[in-house]
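Lettering of chains follows the sequences in order, A, B, ..., and the numbering in each one begins at 1. In this text, all values refer to a predicted model and were calculated from it rather than measured experimentally. Below, all heavy atoms of this structure are taken into account, side chains as well, without hydrogens, waters or symmetry copies.
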Amino acid sequence: MEKVTLPVTGMTCASCSTHVQRALEATPGVAAASVNLMLHNAVVTFDNTTLTPTDLVSVIEQTGYTSTLPQPDRTALDEQDAQDQAQAAEYQDLRRKAGVSLAAAAFGMLASMPLMGSGAAAGHDHGAAPADPFLAWTHRVIDPWLSAALPWLYAIDRAGLAWALFVVTAAVMGWAGRHFYVRAWKAFRHHAADMNTLVAVGTGAAFAYSVLATAAPTVLTSRGVAADVYYEAVLFIIALVLVGNTFESRAKRQTSAALRALAGLQPKTARVLRGGQERDLPLDDVVVGDVVLVRPGERVPVDGEILDGASALDESMLTGESLPVAKRAGDAVFGGTINRTGAFRFRADRVGADSAVQRIARMMRDAQGSRAPIQQLADAVSAVFVPVVLSLAVATFAGWVVLAGEGSLLQAFAAAVAVLIIACPCAMGLAVPTALMVATGRGAAAGILIKGGEALQRAGAITTVVLDKTGTVTEGRPTVTDVVVAPDADLDDDALLARAAAVEAASEHPLADAVVRAARERGLALAPVSEFSSVTGQGAVAMVGGERLVIGNQALLVGEGLDASALAGAASALADRGRTPMFVGTTTGRPRVFGLIAVADPIKATSRDAVARLRALGLDVVMLTGDNARTAAVIARDAGIDRVVAGVLPEGKVAEIARLQAEGRVVAMVGDGVNDAPALARADVGLAIGSGTDIAIEAADVTLMRGDLGGVATAIALSRRTMTTMKQNLFWAFVYNVVGIPVAAGLLYPVAGVLLSPVLASAAMAFSSVSVVANSLRLRTIRLGRDADDIPVATPASKQQAPGCCGCCEVRA
Amino acid sequence: MTLIESSTLAAAVAAIGWINWYFFVAGRQTTRVAAGAGGRQDVVVRVDGGYEPSAIQVVAGRPVRLSFDRVDTSGCSEEVTLPDFGIRRFLPTGARTTVDFTPDTPGTYVFTCGMGMLRGRLVVTRATEA
């Protein structure tokens, strides 16, 4: 018994609801029905062995009201879970059926041995060739041995043996092979045909012929055709196709392993503070605003923001970043990540389908369901494939009869069946989607989210990679790189930085932020500031501790009557290295310059290596920036990029990409996804560098969750390998059919005397689709070059992670 | 050519003709969908070894809801994909799974099972043609 709530619309009065209720109650299999006029629904308890919710909907609709099946409200991971369960059940079922049919086929082969001799013993001439060369061969090999070992078998009445085989075959067809016939029939009713059609027609024809040979052999023998039975061929075909399906089912499950791994990330419960008490709640019960506690070693249950406590979190499952990320109050945490060291409390911000892991899962499922353009040919072929094969089988039969004479009816028949059985539309259908599924999963594990098959195909063809400078090649956050104290200034680095930071704390300039941050990171106290005024394009002036401080460029110093000639050499050297020097001085007392502070947007520690990998892939690397040529050239040299386009305005980026495309290049644009959205969209492939788990980057074809350039080369290498795999799969799937079908039809027979047994044909067909899936699965383990997701790179990344580290440390080191 | 041979040949030609007629020509009528409340074009597609209806005509620029009502248990039909719209859904047996999207560009799009064996067509026409 099962209970279901169905919406019923259109009911306006009590008599309407009574009408619906009576109709439901009168339906056999319904135990109870309660129709509620106000809630517009029907709660029905029914026998789920005889009725389905769909039947109940049609009962309601027959009363003149409308109803729909309840909407399954599912997240991507729920969907995956349900699909996994359905596939696991299918796999178990197939495995059992394959095992039993194999046993039945073995029995069938033994039992048919004495029968095979019958034709020859009775003096029938089989014609030039045995109808089924495989069975004839087994007969030659096994028959002498079997007749010695089991003489009683040969003593059994031949008709009795044939009937026993008939019973076994009918049972296997009706049980293990039932779905072939049922599905073939359903497809036929829809004017469609698929693999089931081929198996059903092939085995059905062989079975029908055998039944005729068993029940009315004279019909055949009177026309000079051997009344052989082919029950064992039917058994073997069903068994081998099922064995193939079993392997295929298992392999197909593995193609979605990455999504399954994602589903396994979320803990089942969360420790939530409610009413002042800690309670373990099922994940579904956690709501936005709940305060959640996480201890060391536990997984974070949902997304949120840390309220108090600090820890290092392993986010590798989401971003591919192998090193733990330090987090403290105010930082975002993500469901599914592992809390390594400290305990903390956080407020749940996003739960259920909104959480990062669920959105990644949704993106992956959508990507896996998309189509790569390379599939179009396979689509076009498979749309007409089965009807064409059916036609070829008929033509094969007629061709044999006409060319070899009516005495070859049996060979004609066997060849036609072999054509039906060897043809395999599945391999073509699986060639591209399985590779796409494995590749998107493999990418996600490395922190690379690929939007779909089309993006992947284009990424495989990239020739030129355009990198945005700020935030892509560089950190995107100016940092203090040098603090230089003037020879005559009577203070140290820290005192200079503290003075500058005190002024800059009142400023909103991005460079000012770098100075303040550097002071805070050194633990310097900032004195209160007054009379702050900023001089646009030059710097700022303010009173700090009774001292009038000036901070800015050469022009500002000149305006304030300060002489910085002692530092001119240092300033010029820093500018040559792409850094921006800011002088710090005072006009109180003796006007003097204390020193200078240089600020730069440092290149990411991983950029240089990433650019080298791109070049190793044979790609041209171009950097675009709005900066001046001198700064840009320095950054480019540090990163190993030899082509720079500087002074480009945001709209100029789009034009530059269009220009590269006009040169015939396939251009990838790498940017942060926010400022570069138009350029990302214009490029053939837009790759957005996400920050952490910010994955909803609309304009991008590929999102790199790790936040550095390393993923670009990995994404391109993965795309290239995937395209290779897809082409291999398609090639073999086509070649298999193009070669297999003519051989099965007997085209080689006049030349080489080669005939293909339907039994061998079934083995070949089963193998062909399994081999395609297996080839796709190799993408899970291929190496993608010097890759951070293969080998954890400790040195550059740890520099980034070390607390309190800034550009200064790098320079001093 | 004997009688059996010639009649086999004739029968084969007839059979091939019939096969191609049945699978490629017959059963190609398109179901035209009228917009319901709110302009949404609702259609229920029964999934039972094939899609019923298998050819659906809708108007461009208005939302479409395809409700897949899967009744069979074949692993083949467990997923439906609309590759041109980037949609892939698992269809639980005995439940109705809806897919919402808005086709903006007129044309013929396919919806298929996960392996592309079961096929349906979505014919999107300009609003004025409908």
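- The aromatic rings of A:F188 and B:Y22 sit parallel to each other, their planes meeting at less than 30°, with 60° as the upper class boundary.
- For B:V110, the part sitting under 4.5 Å from any heavy atom of chain A is the side chain, from C-beta outward, and nothing else.
- More than 12 heavy-atom neighbours from other residues, nucleotides or ligands sit within 6.0 angstrom of CZ on A:R253.
- How far OG1 of B:T112 is from CD of A:Q375: 7.5 Å, rounded to the nearest 0.5 Å.
- Note that CD of B:E5 and CG of A:L409 are 10.0 Å apart. Values are rounded to the nearest 0.5 Å.
- Contacts of B:Y51 with chain A are made by backbone atoms alone, with heavy-atom separations under 4.5 Å and no side-chain atom involved.
- For the pair B:I16 and A:S391, the tightest heavy-atom approach, listed with the atom from each and the gap, is CD1-O, 3.5 Å.
- For CZ of B:R46, the number of neighbouring non-hydrogen atoms (other residues, nucleotides, ligands) closer than 6.0 Å is 12 at most.
- Of the listed residues (A:E90, A:M195, A:R189, A:R183), the one with the most heavy-atom contacts under 4.5 Å to chain B is A:R183.
- Atom CD in A:Q85 sits 9.0 Å away from atom CZ in B:F90 (nearest 0.5 Å).
- In this structure, chain B has a heavy atom under 4.5 Å from the side chain of A:L430, while its backbone stays farther away.
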(request) With side-chain contact (heavy atoms from CB on, under 4.5 Å) as the test, would you mind laying out the steps for B:T8 and A:V402 before giving the verdict? (result) CA-CA 8 Å; B:T8 302; A:V402 171; 5.5 Å; no
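- With a threshold of 4.5 angstrom between heavy atoms, B:D48 approaches chain A through its backbone and through its side chain.
- Heavy-atom pairs under 4.5 Å with chain A peak, among B:L82, B:T81, B:D69, B:L9, at B:D69.
- Counting non-hydrogen atoms of other residues, nucleotides and ligands closer than 6.0 Å to CZ of A:F247 gives a total of 12 or fewer.
- Between the CD atom in B:E52 and the NZ atom in A:K186 there is a gap of 13.0 Å [rounded to 0.5 Å].
- Two residues are said to be in side-chain contact when any heavy atoms from C-beta on lie closer than 4.5 Å; A:V384 and B:F23 fail this criterion.
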